[in-house]
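Proteins get letters first, then strands, A, B, ... in listed order; numbering begins at 1 in each.
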Amino acid sequence: MAAEKLVLYSAWISSCSYRVRIALNLKGIDYEYRAVTRSDPDYEKINPIKYVPALVDGDFIVSDSLAIIFYLEDKYPQPPLLPQDLKKKALNMQIANIVCSSIQPLQCYAVIGLADGKMSANESLQIVQHYTDKGFRAIEKLLEGCDSKYATGDEVQLADVYLAPQIHAGITRFQIDMSKYPILARFYEAYMELPAFKVAVPENQPDAPSS
Amino acid sequence: MASPKPVLYGAWISSCSHRIHIALNLKGVDYEYKSVDPRTDPDYEKINPMKYIPALVDGDIVVSDSLAIALYLEDKYPQNALLPKDLKKKALNLQITNIVCSSIQPLQSYAVIGLHEGKLSPNESLQIVQRYTDKGFKAIEKLLEGCNSKYATGDEVQLGDVFLAPQIHAGINRFQIDITKYPILARLHDTYMEIPAFQAALPKNQPDAPSC
């Protein structure tokens with residue numbers, strides 16, 4: 001009997017889901033996409049914290065984009081997203097964590113705060129821009145003098161998987177001026193030439209609005 | 001010539017630094033601790049452009065962010081491994097770790113800084129911390145439902161425990177979290193407090209902790 005396809009619970013606009021879609025595409029993994037909305041009452045059984053994405057592999061469920069991507073990295077080692085070299089690996093992890101611990105959670109807090117009427121549109125945008133700017137400036141400094149094709153070399157690595165969705169969200173949703181971050185802007189153009197990244201963009205997902 | 005000790009930049013009260021003290025202690029790595037206040041130390045930005053703690057300097061490697069540091073230590077000092085080989089247990093450890101370091105602590109930090117800068121009242125600040133702590137802790141209780149192992153994912157301390165202990169400690173000591181609402185985490189916390197590596201890592205036991 002053929003192995004079941006992986007199932008990805010995702011939302012089109014979620015940058016965390018976007019990371020995992022990129023990783024799945026880069027590794028050439030076929031998967032079933034299941035769209036989740038905030039009001040879906042059954043989703044809590046999949047992920048008790050009710051965030052997307054979640055991955056189901058047979059009887060195994062894992063949530064949180066980093067946990068999912070590490071699981072994919074172990075189960076489907078090609079192509080690898082983490083280098084063997086400890087210094088480069090640490091740099092990838094640091095960039096990924098600036099995105100997933102220092103930018104995105106505050107973006108999420110601001111978006112939910114606005115949706116729930118707890119803050120004004122201006123307050124919400126200011127929070128997102130403040131933390132995006134802080135994180136992007138730090139990554140620009142970490143990568144100062146970088147002349148490789150992607151963030152940490154000439155192959156796409158974990159840092160790129162995390163950067164692309166964050167930059168995309170910044171540009172398309174939060175009026176981030178990428179000309180202030182020239183290294184990141186250059187990478188983003190390089191990412192947008194790659195099929196694995198293009199197929200994963202929010203606008204190309206089955207649950208994206210049609211207009 | 002003996003290689004220099006790794007240097008941990010941190011602060012006594014920082015739960016992110018607390019995680020790395022635990023990891024270093026568990027792995028028996030001798031290290032130098034340098035207390036730093038990123039808000040007032042102009043040189044620290046060269047170590048970590050985000051101006052967050054902790055940072056680890058190990059020879060020519062400078063790495064920041066507690067998860068990046070923990071995974072670096074896991075590779076460089078593989079003794080007393082913090083991540084299991086089993087893919088499912090490994091994923092569970094990373095999921096718990098990330099609930100703490102992406103879904104609870106950044107909002108705690110936001111609320112603490114907001115209070116410090118006068119942008120939030122003490123009540124608003126505390127409510128944010130408690131809401132996100134409760135959401136994260138409830139989720140972890142569900143993930144660990146029926147857990148009868150000594151620690152979160154087995155009978156050895158793993159990465160999930162390293163990240164849980166400081167978050168629970170901060171919740172109890174600083175943010176009036178009623179840990180009895182989370183019985184599995186409460187039991188784990190009692191167990192952590194019996195381990196020398198965890199005791200030595202406590203905020204109050206750091207050189208820069210206030211003496212009263």
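- Of the two parts of A:Ile68, neither the backbone nor the side chain holds a non-hydrogen atom closer than 4.5 Å to a non-hydrogen atom of chain B.
- No side-chain heavy atom of A:Ile49 sits under 4.5 Å from any side-chain heavy atom of B:Ile140.
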Applying side-chain contact (heavy atoms from CB on, under 4.5 Å) to A:Asp64 and B:Ile96, what does each step give before you reach the verdict? CA-CA 9 Å; A:Asp64 194 279; B:Ile96 292 168; over 6 Å; no

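- In this structure, the side chains of B:Leu67 and A:Leu66 come closer than 4.5 Å at one or more pairs of heavy atoms.
- Between B:Lys88 and A:Asp57 there is no salt bridge, since none of the side-chain N atoms of the basic residue sits less than 4.0 Å from a carboxylate O of the acidic one.
- If you measure heavy-atom distances from A:Glu44 to chain B, the contacts under 4.5 Å come from the side chain alone.
- Side chains of A:Gln94 and B:Ile69 form no contact here, defined as non-hydrogen atoms less than 4.5 Å apart.
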Intermediate values then yes/no, side-chain contact (heavy atoms from CB on, under 4.5 Å), B:Asp65 and A:Met93: CA-CA 8 Å; B:Asp65 195 281; A:Met93 288 305 309; over 6 Å; no

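- Within the 4.5 Å cutoff, the side chain of A:Tyr109 has heavy atoms near those of the B:Ile128 side chain.
- With a 4.5 angstrom heavy-atom cutoff, A:Asn92 does not touch chain B via any of its atoms.
- Side-chain contact between B:Leu94 and A:Tyr71: absent, with no pair of heavy atoms (C-beta onward) separated by less than 4.5 Å.
- In this structure, B:Lys90 and A:Asp74 have side chains that are in contact, with non-hydrogen atoms separated by less than 4.5 Å.
- Residue contact with chain A, scored on non-hydrogen atoms closer than 4.5 Å, involves the backbone and the side chain of B:Asp60 alike.
- Neither the backbone nor the side chain of A:Lys45 comes within contact range of chain B, judged by heavy atoms closer than 4.5 Å.
- Counting heavy atoms of neighbouring residues, nucleotides and ligands inside a 6.0 Å radius, atom NZ of B:Lys89 does not exceed 12 of them.
- Interface check for chain B: of the options A:Lys141, A:Arg137, A:Lys87, A:Glu140, the most heavy-atom pairs under 4.5 Å are formed by A:Lys87.
- Per-residue counts of heavy-atom pairs under 4.5 Å with chain B were compared for A:Ser101, A:Gly135, A:Ala67; the largest is that of A:Ser101.
- The parts of A:Lys75 that come within reach of chain B are both its backbone and its side chain, each placing non-hydrogen atoms under 4.5 angstrom from that chain.
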Please lay out, stage by stage, how A:Phe70 and B:Leu71 fare under the test side-chain contact (heavy atoms from CB on, under 4.5 Å). CA-CA 12 Å; A:Phe70 269 58; B:Leu71 293 176; 3.7 Å; yes

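- The closest side-chain heavy-atom distance from A:Ser102 to B:Met50 is below 4.5 Å.
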